[in-house]
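Take a look at the structure set out below.
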Amino acid sequence: MFILILQAIWLYIKDLAGKDLDMITIAKFMMYTIPVIVPLALPLSIILASIMVFGNMAENYEFAAMKSNGISLQRAMRSLIIVVGTLGVTSFFFANTVIPWGHFKQGNLRRNIVNSKPAMAIGVGNFNQLGDINIKVDQKTGDRGQFLDNVLIHKKKPEAQWELYGHKK
């Protein structure tokens with residue numbers, strides 16, 4: 001789970017780094033990311049734990065002891081099958097309810113960060129689309145990045161006329 005959380009941080013590092021965010025906001029952002037990671041980590045952790053347990057049992061000849069006592073492999077795995085089935089149903093309902101909530105809250109938090117600090121919406125050195133306007137800024141100055149240097153603004157045409165094989169569309 002820790003590796004997947006680090007991967008999520010790596011995905012959103014450009015949204016979080018250098019934005020002068022407090023630790024509470026970053027913790028909220030990660031809390032809303034965790035529900036998305038759970039369906040990835042849960043099957044991996046269950047299969048790894050199952051392989052380790054049954055591998056350890058095979059290594060210590062516990063399967064041979066169970067077989068000599070008349071316990072079949074299906075009976076030995078019955079509890080694992082019940083646990084995996086229960087987790088599968090629980091994961092389905094989790095994926096239907098909690099994951100969309102996490103995506104919604106995370107997107108909402110990202111929009112609120114941009115709205116509360118508008119200078120963060122404009123990245124340095126690349127074109128940023130804001131409605132029908134593209135803005136490119138070479139440098140931000142000031143203590144909060146509120147001053148923009150060397151600004152290039154392009155306004156899109158409302159409807160572009162394209163010609164296909166000599167005919168106007």
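Values in this document were obtained by computation on a predicted structure and should not be read as measured data.
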Cluster overlap Val89 with Val84, hydrophobic side-chain contacts below 4.5 Å:
no
Decide side chain to side chain contact (heavy atoms under 4.5 Å, CB included) for Val98 and Phe93; before the verdict, give the C-alpha distance in whole Å, the side-chain angles of both, and the deciding distance to 0.1 Å.
CA-CA 8 Å; Val98 178; Phe93 288 113; over 6 Å; no
Determine, stepwise, if the pair Val124 / Asp138 fulfils side chain to side chain contact (heavy atoms under 4.5 Å, CB included).
CA-CA 6 Å; Val124 176; Asp138 284 343; 5.9 Å; no
Start with the C-alpha gap between Arg75 and Met66, add the side-chain angles, then the distance that decides, and say whether side chain to side chain contact (heavy atoms under 4.5 Å, CB included) holds.
CA-CA 10 Å; Arg75 187 172 167 201; Met66 285 191 308; over 6 Å; no
Report the distance from atom OG1 of Thr90 to atom CG of Leu87, rounding to the nearest 0.5 Å.
6.0 Å
With a 4.5 Å cut-off on side-chain heavy-atom distances among I, L, V, M, F, W and Y, is there a chain of contacts connecting Val36 to Ile26?
yes
How long is the gap from OG on Ser72 to CE on Met77, to the nearest 0.5 Å?
11.0 Å
Nearest 0.5 Å, what's the CG-CE distance between Leu109 and Met31?
9.0 Å
Examine the side chains of Asn108 and Asn112 and answer whether a donor and an acceptor come within less than 3.5 Å of each other.
no
Can you name the closest pair of heavy atoms from Leu80 and Ser50 and give their distance?
CD1-OG, 3.4 Å
Side-chain touch Leu42/Phe94, heavy atoms, less than 4.5 angstrom
no
State, to 0.1 Å, how close Ala95 and Pro100 come at their nearest heavy-atom pair, and which atoms those are.
O-CD, 3.3 Å
Rounded to the nearest 0.5 Å, how far apart are OG1 of Thr33 and CD of Gln106?
4.0 Å
With a 4.5 Å heavy-atom cut-off, do Met52 and Leu48 have their side chains touching?
yes
Validation row: His154, Leu152 side chains within 4.5 angstrom (heavy atoms)
yes
Do Val53 and Val83 share a hydrophobic cluster (ILVMFWY, side-chain heavy atoms under 4.5 Å, transitive)?
yes
What verdict does the side chain to side chain contact (heavy atoms under 4.5 Å, CB included) test give for Trp101 and Lys105, after you've listed the backbone C-alpha separation in whole Å, the side-chain angles of each residue and the deciding distance to 0.1 Å?
CA-CA 6 Å; Trp101 172 83; Lys105 289 294 215 175; 3.6 Å; yes
Above 12 or not: heavy atoms from other molecules or residues under 6.0 Å from CG of Leu44?
yes
Contact check, side chains of Thr141 and Gln139, non-hydrogen atoms, under 4.5 Å
yes
Between Ile135 and Val151, which heavy-atom pair has the shortest distance, and what is it?
CG2-CG1, 4.1 Å
Decide yes or no for Asp22 and Thr25: does some side-chain heavy atom of the first lie under 4.5 Å from some side-chain heavy atom of the second?
yes
Same apolar cluster (I L V M F W Y, side chains within < 4.5 Å links), Ile71/Tyr61
no
Distance from Ile34 atom CD1 to Ile99 atom CD1, nearest 0.5 Å?
12.5 Å
Rounded to the nearest 0.5 Å, what separation is found between the OG atom of Ser91 and the CD1 atom of Ile46?
6.5 Å
Taking the six-membered ring where the residue is Trp, are the ring centres of Phe104 and Tyr32 under 6.0 Å apart?
no
Counting only heavy atoms not in Ile24 (residues, nucleotides, ligands), do more than 12 fall under 6.0 Å from its CD1?
no
